[in-house]
There are 2 protein chains.
Amino acid sequence: MTRTARNANRDDTRDLEVVAVESAMRRLGVRWTRQRRLITEVALGNHDHFGAEELLVLCQRRDPRVSRATVYRTLAMLEQAGVVEGLDTGDGGRKFEHVVGHEHHDHMVCRRCGAILEFRDDELERRQEAAAAARGFLIQSHSLKLFGLCRACRERE
Amino acid sequence: MTRTARNANRDDTRDLEVVAVESAMRRLGVRWTRQRRLITEVALGNHDHFGAEELLVLCQRRDPRVSRATVYRTLAMLEQAGVVEGLDTGDGGRKFEHVVGHEHHDHMVCRRCGAILEFRDDELERRQEAAAAARGFLIQSHSLKLFGLCRACRERE
DNA sequence: ATTGATGCAAAAGATTTGCAAACTG
DNA sequence: CAGTTTGCAAATCTTTTGCATCAAT
């Protein structure tokens, strides 16, 4: 498969995701505007962790008719809807990542270089559920972050 | 044991903790000022999770000669020294708890009433270590928060 | 005395909000 | 058209910073 073919496939997948989000939103009775579509497209197209401001810039690059306020408002909406997930980076900031077509995972955050590694451990998830159940707590979401040094930074020490 | 006797004991313990923090700080070469002592006393005396602003108010109630800036600066110092630990509440805010004489634990945060429950699970800790080791990551600290509804709020639904 | 710590008020960074105008269904 | 959503700028909220003054060692 050529590079462009691969990219085309990825674009197609993303388009499908955007359409899925659109119908979900419409079902909720909210209006599907030009800026909501753009913000959703850019958010889903970004396979990294992005900040709100960063997302604003990426959107404005494609269409300057988007405001910061709308990015924040839409991001909150997408988070509510479970399309994106926000995570505190521990330094007062907040980053987002899209969830669609992406199974749940936790994060390791490198304190030196800022790299974010994703990982997943089913047993961890199960024990969290058990701990919550034992206390009558109903988990809606969770956040597990390990802070420390990534392999590269340890070797560079 | 009478109530006052119990309180007296707790106060004594706290005083010892404050003295321990003082010597640790002095060993680090920083000066032990009136405001640092006060802030440390109040922080260690608070067995709940408190915000920076809240701590400021509690301190000023005992002695108005403390400024917001100093509370923030001291809190950062105490966090560095491992005396208190900060945790993002997921809503942009930050809360602290003291660590001295308090074994490590994780948190469940109620999204409705804001209650914070503490819990601990050794197996959870072990699996986090294992997951990190498998990826060459060195954990310095971690944060596990379960967001959802506490028992009381579920029943109130 | 020296040098670090404090208070104040201003600055900064991130996010939210009021409101008139623009747009969607 | 009615009712949402947007853009803008001002307002919030939390935390940080510059700098003259104060105080611990």
Side-chain angles (χ1 to χ4, degrees), chain A residues 21-43 49-60 62-81 84-96 114, chain B residues 18-19 21-43 49-60 62-81 84-96 114:
Chain A
V21 172
E22 172 176 353
S23 16
M25 288 308 184
R26 284 189 193 281
R27 244 174 282 127
L28 289 175
V30 304
R31 293 179 179 173
W32 196 242
T33 62
R34 168 170 45 78
Q35 21 286 79
R36 285 181 177 171
R37 177 168 43 251
L38 174 58
I39 294 168
T40 303
E41 278 176 17
V42 175
H49 296 83
F50 52 89
E53 195 67 26
E54 200 174 336
L55 181 59
L56 172 65
V57 173
L58 289 173
C59 287
Q60 291 188 325
R62 283 180 48 180
D63 183 342
R65 296 170 300 171
V66 201
S67 69
R68 172 172 293 106
T70 297
V71 166
Y72 275 100
R73 287 190 277 233
T74 304
L75 224 26
M77 195 181 75
L78 293 177
E79 190 175 16
Q80 276 289 320
V84 300
E85 201 168 277
L87 66 142
D88 294 311
T89 43
D91 63 338
R94 204 145 182 272
K95 287 257 187 298
F96 295 84
Chain B
V18 173
V19 170
V21 173
E22 172 176 353
S23 18
M25 287 308 185
R26 284 190 192 281
R27 243 174 284 125
L28 289 175
V30 304
R31 293 175 182 177
W32 196 240
T33 63
R34 167 169 47 77
Q35 20 288 80
R36 284 181 178 173
R37 178 168 42 252
L38 174 59
I39 294 168
T40 302
E41 279 175 18
V42 176
H49 296 82
F50 52 89
E53 196 66 27
E54 202 174 335
L55 181 59
L56 172 66
V57 173
L58 289 173
C59 287
Q60 290 188 325
R62 283 180 49 181
D63 183 341
R65 295 171 301 171
V66 202
S67 69
R68 172 172 294 106
T70 298
V71 166
Y72 275 100
R73 286 188 277 232
T74 303
L75 223 26
M77 197 180 72
L78 292 177
E79 190 176 16
Q80 275 289 319
V84 301
E85 201 170 275
L87 66 141
D88 295 310
T89 43
D91 62 340
R94 203 143 181 273
K95 289 255 185 299
F96 294 85

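Reminder, nothing fancy here: chain letters follow the sequence lines and each chain counts from 1. The shown structure was predicted, so the numbers you read here are calculated from the model rather than taken from an experiment.
Rounded to whole Å, atom C1' of dT4(D) lies 15 Å from atom CE of Met25(A). Atom pair Arg34(B):CZ and dG7(C):C1' shows a separation of 11 Å (rounding to whole Å applied). In this structure, NZ of Lys95(A) is placed 9 Å from P of dA14(C), rounded to the nearest angstrom.
Contact annotation: Tyr72(A) reaches the phosphate of dT15(C) (side-chain N/O to OP1 or OP2, under 4.0 Å). Regarding contacts with the backbone of dT4(D), every side-chain N or O of Arg36(A) stays at 4.0 angstrom or more from both OP1 and OP2. Contact check, Thr33(B) against dT6(C): a side-chain N or O comes under 4.0 Å of OP1 or OP2. Phosphate contact (OP1/OP2 of dG7(C), side-chain N/O of Gln35(B), threshold under 4.0 Å): present.
The two atoms that bring Val71(B) and Leu56(B) nearest to each other are CG2-CD1, 3.7 Å, heavy atoms only.
Distance from the side chain of Arg68(B) is smallest to dT15(D) among dT17(D), dT17(C), dT15(D). Nearest to the side-chain atoms of Ala69(B) among the listed nucleotides dT25(D), dG7(C), dG18(C) stands dG7(C).
For Arg26(A) against dG25(C), a side-chain-to-base donor-acceptor contact under 3.5 Å is absent. Between the side chain of Arg94(B) and the base of dT15(D) there is no donor-acceptor pair of N/O atoms closer than 3.5 Å. Below the 3.5 angstrom threshold, one finds a donor paired with an acceptor across the side chain of Arg31(A) and the base of dG3(D).
Considering Arg73(A), Arg94(A), Lys95(A) in turn, Arg94(A) is the only one that fulfils the salt bridge (Lys or Arg N to Asp or Glu O under 4.0 Å) rule with Glu79(A).
Inter-residue side-chain proximity for Arg34(B) and Arg65(B) is flagged as met; some heavy-atom pair is nearer than 4.5 Å.
At distances below 3.5 Å, not a single donor-acceptor pair connects side-chain atoms of Arg37(A) with backbone N or O atoms of Trp32(A).
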